[in-house]
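Here is the structure we will look at, set down as structure tokens.
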Number of protein chains: 2
Amino acid sequence: MSSGADARTAHRPSAPARPGLRERKKAKTRAAIQRHALRLFKKRGYDETTVEDIAEAAEVSPSTFFRYFPTKEDVVMYDVFDPVLLASLRSQPHGLDPVRAMRAAMRQVFRDMDEEDREDLLEREALFRLVPDLRARMMDELLRTVSVLARIIAERTGRRAGDLGVRVVAGAIIGALISAWLTEEGESLGVDIYRGMDRALEKLESGLSL
Amino acid sequence: MSSGADARTAHRPSAPARPGLRERKKAKTRAAIQRHALRLFKKRGYDETTVEDIAEAAEVSPSTFFRYFPTKEDVVMYDVFDPVLLASLRSQPHGLDPVRAMRAAMRQVFRDMDEEDREDLLEREALFRLVPDLRARMMDELLRTVSVLARIIAERTGRRAGDLGVRVVAGAIIGALISAWLTEEGESLGVDIYRGMDRALEKLESGLSL
DNA sequence: CCATATATTGACAGAGACTCCTATTTAGGA
DNA sequence: TCCTAAATAGGAGTCTCTGTCAATATATGG
């Protein structure tokens, strides 16, 4: 009960709004579950990995797993990328038209991403491509993304978010990005995933003429 | 074993390539399952209707249900609309650019559809909008549609289906259609679903300027 | 009309995702 | 130290979906 460690932690000079032990433990548990899940999915496949396997690897009970993630899918779905991208889009100069602004935002986000996040992204991208349930779920999330994108474009151009023109632009952008993701033979894009999306938006910029 | 009915059926003068009793029975069973399923989904909700409920209503065993439809989702998914639309697209004059050709194809298909099919379409559309699993599954099907669409556009314009420009056009078309389907408040579009999609493609025709 | 090959069917047994409930443990505060 | 609220483990149970099995129905050849 009385050790050097005690003194050290006691003297910590007001860590700015430290979340408290309970919160820290929760964050650690969540991260552990997610990490072990992705590791097992990669190693043995998604369908071949049960929630029980993940729970055991992360040293929690199955019920605890479901406390942190509503479904098995959600372990993969959780995405830090989307909100960052959309925030970046919001911060682009309003002079740019929507497609160009999106291109700039993507360029910025990909550039600023550290190596670990990049790997995570590719890892999850491979799962999305491979596992039908996850792919379907991702597509459904993209539906929400179209709505958010429309709202941002509306802000930037001073129109209503419900405006059909605004919605069509948002839909076309997402559609173009999907089409870049969609390779012929299911082979993974690797790091060039960004390059393909950039070129797709470039095509969109210069109109849809063939 | 010997009745008037026997004589009648025996004398039927060579129905052209009549599928045989077995086939006809299968088609009837399939239709019955699907009809009762949609009826129950509408009445009690998708999740609240079990496969067993459907099987009992259609007077088959649960195992028979799964023989006809791989999953519960597939009862709703089966779509006669897509192939018809794509066939129509293929038959449009090659002078039209892809977006205009798609518009023409949709106009033709919606015009030629009979009332019953139209109702079925709206019925299923409502389910897609409402039930997350089905919506996600539909979006995943749309992914395949983008590929097929790209292939058709490639044929019409004499390019490779893998060409990024072709894929982007296909993606943008589907994206625009999705954005029209995506209403603000989850309210159903009703019969105007066609009108919204037509206007969305019209916007796409005139470029993406806002 | 009969015999054999093939298909369809229903019953049953599980696996696995997920829910609900309860007893126990733990963190944070009085 | 004690109390309360939250987190957890564990168990029972539901539902979808996958198999296997034997019984039945159908198509076809003799």
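Lettering of chains follows the sequences in order, A, B, ..., and the numbering in each one begins at 1. Everything numeric here is computed off the predicted structure, so don't read it as measured data.
The CZ-P distance, from A/Phe69 to C/dT19, rounds to 15 Å in whole Å. Separating the CZ atom of A/Arg67 from the P atom of C/dT26 is a distance of 15 Å, rounded to the nearest angstrom. We find that CZ of A/Phe65 is positioned 15 Å from P of C/dG16, with the value rounded to whole Å. Going from atom CZ of B/Arg24 over to atom P of C/dT8 covers 15 Å, rounded to whole Å. Atom pair B/Tyr46:OH and D/dC15:P shows a separation of 14 Å (rounding to whole Å applied). At whole-Å resolution of the value, CZ in A/Arg137 and P in C/dA17 are 16 Å apart. One atom, CZ of B/Phe41, and another, P of D/dT16, lie 9 Å apart when rounded to the nearest Å. Following rounding to the nearest Å, A/Lys28 (NZ) and D/dT8 (C1') show an atom-to-atom distance of 16 Å.
For A/Phe66, counting side-chain heavy atoms from C-beta on, the closest listed nucleotide (C/dA17, C/dG10, D/dA9) is C/dA17.
At a threshold of 4.0 angstrom between heavy atoms, the contacts of A/Tyr68 are confined to the sugar-phosphate backbone, with no base atom among them. Among the atoms of the strands shown, only primed sugar atoms or phosphate atoms (P, OP1, OP2) are found under 4.0 Å from some heavy atom of B/Pro70.
Proximity of B/Lys25 to the phosphate of D/dT26: a side-chain N or O atom is located under 4.0 Å from OP1 or OP2. In this model, the phosphate group of C/dT26 is not approached by any side-chain N or O of A/Arg22 to a distance below 4.0 Å at OP1 or OP2. Between A/Lys72 and C/dC18 there is no side-chain polar atom (N or O) within less than 4.0 angstrom of OP1 or OP2.
Counting all heavy atoms, side chain and backbone alike, B/Arg167 lies closest to A/Ala180 at NH2-O, 3.7 Å.
The number of heavy-atom neighbours closer than 6.0 Å to CD of A/Glu116, taken from other residues, nucleotides and ligands shown, is 12 or below.
A donor N or O paired with an acceptor N or O is found under 3.5 Å between the base of C/dG10 and the side-chain atoms of B/Ser63.
Using a cutoff of 4.0 Å between basic side-chain nitrogens and carboxylate oxygens, A/Lys72 and A/Asp133 are not scored as salt-bridged.
Between A/Tyr194 and the options A/Phe81, A/Phe110, A/Trp181, a ring pair (Phe, Tyr, Trp, His ring centres under 6.0 Å) holds for only A/Phe110.
Nearest-nucleotide positions on DNA chain C place B/Val60 closer to the 5' end than the other of B/Val60 and A/Thr71.
When atom types are taken as modelled, the side chain of A/Arg156 and the backbone of A/Gln92 share a donor-acceptor pair closer than 3.5 angstrom.
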